[in-house]
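So the structure is just underneath, and the comments pick up after that.
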Amino acid sequence: MDFLQRLYIAITELHPTHPMIVHFPIALTGAAFLFILLAYWRKNTSLEQAAFANMVLAAISTVAAGATGMLDNVKNYEGEAPNASTKIVLAVLLFLLTTGISVARYRNPEIFTKGNRLVYAGSYGLSFILALTLAFLGGVILYGF
C-alpha cells in the first residue's frame with residue numbers, strides 16, 4: 001500500500017504530467033502523416049484507414065496534452081511559462097485541424113479515393129508540423145533558446 005501511495009503522490013504532485021502525455025499527439029500525428037503518405041504512394045485504402053485511426057487518436061490526445069499543459073503551467077510556472085499563449089493558440093489549432101480531418105473523413109469515407117487527395121494528405125502533414133512546432137516550443141520552456 002505504501003508503494004501505491006508513493007506512486008500516486010509522485011504522479012499527481014511531484015512530477016509534471018504534461019511531459020508524460022505530450023508525446024502521444026506528436027507520435028500519432030507523425031504516424032498518421034506517414035500512413036497517409038504511404039497510402040497516397042501505394043493507392044491503398046487500408047493504409048488510409050490506419051492514418052485516419054491515428055488522426056482520431058491524435059485529436060483525443062491533443063485535449064489531454066493541452067489540459068495537462070495548462071495545469072502544469074499554473075502549477076510549475078505560476079501561469080508564466082515562456083510562449084504559453086503561443087502554445088495555447090497552436091494547440092487549439094492542432095485540435096481543430098485533427099478534429100476537422102477526423103470528422104470530414106468520418107462523414108465521407110470515400111474522401112481519399114474520390115476527394116482531393118493532395119489537400120487531404122497535406123492536412124495530415126500540416127497537423128504534424130503543428131505538433132512538431134508545439135514540441136519545439138515545449139523544449140524552449142525547459143531548455144531555453
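No side-chain heavy atom of S61 sits under 4.5 Å from any side-chain heavy atom of V22. No side-chain heavy atom of H18 sits less than 4.5 Å from a side-chain heavy atom of L71. Between I141 and Y77 there is a side-chain heavy-atom pair separated by less than 4.5 Å.
Considering OG1 of T62 and CG of L90, their distance stands at 12.0 Å, rounded to 0.5 Å. Taking CD1 from I111 and CZ from R105, the interatomic distance works out to 8.5 Å, rounded to the nearest 0.5 Å. The OG1 atom of T86 sits 6.5 Å away from the CG atom of L137 when rounded to the nearest 0.5 Å. Rounded to the nearest 0.5 angstrom, N54 CG and F52 CZ are separated by 11.0 Å. In this structure, the separation between NZ on K75 and CG on N73 is 12.5 Å, given to the nearest 0.5 Å. Rounding to the nearest 0.5 Å gives a distance of 11.5 Å between OG1 of T133 and CG of N83.
Cluster membership check: V56 does not share its hydrophobic cluster with F95, using side-chain heavy-atom separations under 4.5 Å among Ile, Leu, Val, Met, Phe, Trp and Tyr. L37 and I101 fall within the same hydrophobic cluster, defined by Ile, Leu, Val, Met, Phe, Trp and Tyr side-chain heavy atoms under 4.5 Å apart, directly or through other members. Taken together through direct or relayed side-chain contacts under 4.5 Å among Ile, Leu, Val, Met, Phe, Trp and Tyr, L132 and L126 form part of one hydrophobic cluster. Tracing side-chain contacts under 4.5 Å through hydrophobic residues (I, L, V, M, F, W, Y), one reaches L130 starting from M55; they form part of the same cluster. Each of V140 and Y143 belongs to its own hydrophobic cluster when Ile, Leu, Val, Met, Phe, Trp and Tyr are linked at side-chain heavy-atom distances under 4.5 angstrom.
Y40 and E48 share no side-chain donor-acceptor pair at under 3.5 Å. Judged purely by distance below 3.5 Å, without hydrogens or angles, the side chains of E110 and T113 pair a donor atom with an acceptor atom.
Considering every non-hydrogen atom in both L97 and S123, the closest pair reads CD2-O, 3.7 Å. Closest approach of L134 to K87, counting heavy atoms only: CD2-O, 3.4 Å.
Ring pair Y120/Y124: centre-to-centre distance below 6.0 Å.
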Does the pair S127 and L94 meet the rule for a side-chain contact (heavy atoms from CB on, under 4.5 Å), with working shown?
CA-CA 6 Å; S127 69; L94 179 62; 4.0 Å; yes
Taking it one step at a time, do I9 and R6 satisfy side-chain contact (heavy atoms from CB on, under 4.5 Å)?
CA-CA 5 Å; I9 290 171; R6 286 188 8 240; 5.8 Å; no
Side-chain atoms of residues 24-35: list all donor-acceptor pairs with protein atoms under 3.5 Å, sequence neighbours left out, distances to 0.1 Å.
from : atom 1 : to  : atom 2 : distance (Å)
T29  : OG1    : P25 : O      : 2.8
T29  : OG1    : I26 : O      : 3.1

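In this structure, R117 is positioned above the aromatic face of F112, its NZ or CZ under 6.0 Å from the six-membered ring centre and within 45° of the axis.
Of the possible donor and acceptor atoms, none in the side chain of T99 sits under 3.5 Å from a partner among the backbone N and O of L96.
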